[in-house]
Amino acid sequence: MSDVGQLLREWRADRRMSQLELSTRAGVSTRHLSFVETGRSRPTRDMILRLAEQLDVPLRSRNELLVAGGFAPAYSESQLTGAPLATILQSLRDVLKGHEPYPALLIDRQWTMIDANDAVAPLIEGCAPWLLEPPVNVLRLSLHPDGMAPRIRNLAEWRGHILHRAASLKDLHAELLSYPGGEQRPVNGLVVPLRIDDLSFFSITSVLGTPLDVTLSELAIESFLPADETTAAALHRR
């Protein structure tokens, strides 16, 4: 297989999509798609981007597909501290502030905390100082015995949720798996809650809808909302 053909086939398998389904969505013949995947046919730049779009491939990986096919990357990758992203980052910080008194944080694809609102501070009280030194990984902070874990009342089910979210980050997943926390049990209810001290939350993950920059495409806001009236009242009193 050619490099780009193999990568496309891996993405198709990851998305559990047949050649027939992908070719139909992309408007190409199944025969041609098969030739692309086996390296018998070299895809054009447009073909690579069309297939990547139908496979919902992240922008970073779309660039990798293009390079593997012998083309230049299509998407820029800006620095978080650079001027081009300043306005958008300020708007995202406004979203964090507007979410108060409920906790919310801005994270990247490695689950590194870029920023957080003031409502996050009570949740991380008592965590070891070294866990709070930048760069702060929020999944590590959540499950580490020196972090939030001792205060999480449903640690076993929350740990299962976190391990699922970290599945694609092999090294981090292995580290988190080594932390104590018990085996995940079946979850009763509509969502997996975070029960910390006397508070209960459910979370929402928000991403930019139309990013054309790799860095922006990998940012997300993780916001926590009260799962019961007691939590809502307690947060508003604070």
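Worth saying up front: this structure is predicted, and the values here are computed from it rather than measured. Only heavy atoms go into these numbers, but all of them, side chains included; no hydrogens, no water, no symmetry mates.
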**Q** When you compare the side chain of Leu235 with that of Leu199, does any pair of heavy atoms fall below 4.5 Å?
**A** yes

**Q** Can you tell whether the side chains of Arg153 and Asp197 come within less than 4.0 Å, N to carboxylate O?
**A** no

**Q** Any side-chain to backbone donor/acceptor pair from Arg159 onto Leu177? Under 3.5 Å, distance only.
**A** yes

**Q** Tell me if a side-chain donor or acceptor on Ser61 pairs with a main-chain N or O of Val57 at a distance below 3.5 Å.
**A** no

**Q** Do Gln6 and Glu10 make a side-chain contact, defined as non-hydrogen atoms from C-beta onward lying under 4.5 Å apart?
**A** yes

**Q** For Leu89, which fellow cluster members are found when Ile, Leu, Val, Met, Phe, Trp and Tyr are connected by side-chain heavy-atom distances below 4.5 angstrom, either directly or through intermediates?
**A** Leu80, Leu85, Ile88, Leu92, Val95, Leu96, Leu106, Ile114, Leu208, Leu216, Leu219, Ile221

**Q** Nearest heavy-atom pair of Pro101 and Ala119: which atoms, and what distance?
**A** O-CB, 3.4 Å

**Q** Kindly say whether Ala104 contributes a backbone atom to a donor-acceptor pair with the side chain of Asn117 at under 3.5 angstrom?
**A** yes

**Q** Which heavy atom of Ser41 sits nearest a heavy atom of His32, and at what distance?
**A** OG-CE1, 3.2 Å

**Q** Return the set of residues passing side chain to side chain donor-acceptor pair (under 3.5 Å) with Glu133 (not counting sequence neighbours), or none when no residue passes.
**A** none

**Q** Please step through salt bridge (Lys or Arg N to Asp or Glu O under 4.0 Å) for the pair Arg60 and Glu77, ending with a clear verdict.
**A** CA-CA 8 Å; Arg60 179 181 298 277; Glu77 183 175 358; 2.9 Å; yes

**Q** So do the side chains of Leu155 and Leu143 get within less than 4.5 Å of each other, counting heavy atoms only?
**A** yes

**Q** Establish, yes or no, whether the cationic atom of Arg45 lies under 6.0 Å from the six-membered ring centre of Phe71 and within 45° of the ring axis.
**A** no

**Q** Compare all side-chain heavy atoms of Phe202 with those of Leu194 and state whether any distance is below 4.5 angstrom.
**A** no

**Q** Is a side-chain donor or acceptor of Ser34 paired with a backbone partner of Thr30 at a separation under 3.5 angstrom?
**A** no

**Q** Would you say Thr231's side chain and Ser200's backbone share a donor-acceptor pair under 3.5 angstrom?
**A** yes

**Q** Is it true that Arg238 and Glu100 have a side-chain N and a carboxylate O under 4.0 angstrom from each other?
**A** no

**Q** So how far is it from His164 NE2 to His173 NE2, rounded to the nearest 0.5 Å?
**A** 9.5 Å

**Q** Are any of the side-chain heavy atoms of His161 and Glu157 separated by less than 4.5 Å?
**A** no

**Q** Could you measure the distance from the CZ atom of Arg93 to the CG atom of Asp115? Nearest 0.5 Å is fine.
**A** 4.5 Å

**Q** What are the two closest non-hydrogen atoms of Pro180 and Pro145, and how far apart are they?
**A** CD-CG, 3.8 Å

**Q** Please determine if Arg25 and Glu21 form a salt bridge, counting it only when a charged side-chain N lies under 4.0 Å from a carboxylate O.
**A** yes

**Q** Tell me whether the count of non-hydrogen atoms from other residues, nucleotides or ligands lying under 6.0 Å of CD in Gln79 goes above 12.
**A** no

**Q** Does some side-chain heavy atom of Leu141 sit less than 4.5 Å from a side-chain heavy atom of Leu139?
**A** no

**Q** I'd like to know if the side chain of Ser91 pairs up with that of Asp94 as donor and acceptor (distance under 3.5 Å, no hydrogens or angles considered).
**A** no

**Q** When rounded to the nearest 0.5 angstrom, what is the spacing between CG in Asp198 and CZ in Arg151?
**A** 9.5 Å

**Q** Answer with yes or no whether the side chains of Gln19 and Glu37 bring together a donor and an acceptor at under 3.5 Å.
**A** yes

**Q** Using only heavy-atom distances, determine whether the side chains of Ser78 and Asp213 contain a donor-acceptor pair under 3.5 Å.
**A** yes

**Q** Please tell me whether Leu66 and Leu212 are part of a single hydrophobic cluster in this structure, the criterion being side-chain heavy atoms less than 4.5 Å apart.
**A** yes

**Q** Quick one, Phe201 and Ile196 - any side-chain contact, counting heavy atoms below 4.5 Å?
**A** yes

**Q** Sort out for me which residue in Leu132, Val136, Val138 forms a side-chain contact (heavy atoms from CB on, under 4.5 Å) with Ile124.
**A** Leu132

**Q** Is the shortest side-chain heavy-atom distance between Leu51 and Pro43 below 4.5 Å?
**A** no

**Q** So with a 6.0 Å cut-off around CZ of Arg165, is the heavy-atom count from everything else above 12?
**A** yes

**Q** For the residue pair Thr215 / Arg109, report whether a side-chain donor-acceptor contact shorter than 3.5 Å exists.
**A** no

**Q** Do Arg62 and Glu53 meet the salt-bridge criterion of a basic N to acidic O distance under 4.0 Å?
**A** yes

**Q** Provide the closest heavy-atom pair for Leu123 versus Met148 in the form atom of the first, atom of the second, distance.
**A** O-CG, 3.7 Å

**Q** Could you please spell out the steps behind the side chain to side chain contact (heavy atoms under 4.5 Å, CB included) verdict for Ile152 and Asn154?
**A** CA-CA 6 Å; Ile152 297 178; Asn154 61 328; 3.5 Å; yes

**Q** Just wondering, more than 12 heavy atoms not from Arg31 lying within 6.0 Å of its CZ?
**A** no

**Q** Please verify the inter-ring angle class for Phe224 with Trp158; under 30° counts as parallel, over 60° as perpendicular, anything in between as tilted.
**A** tilted

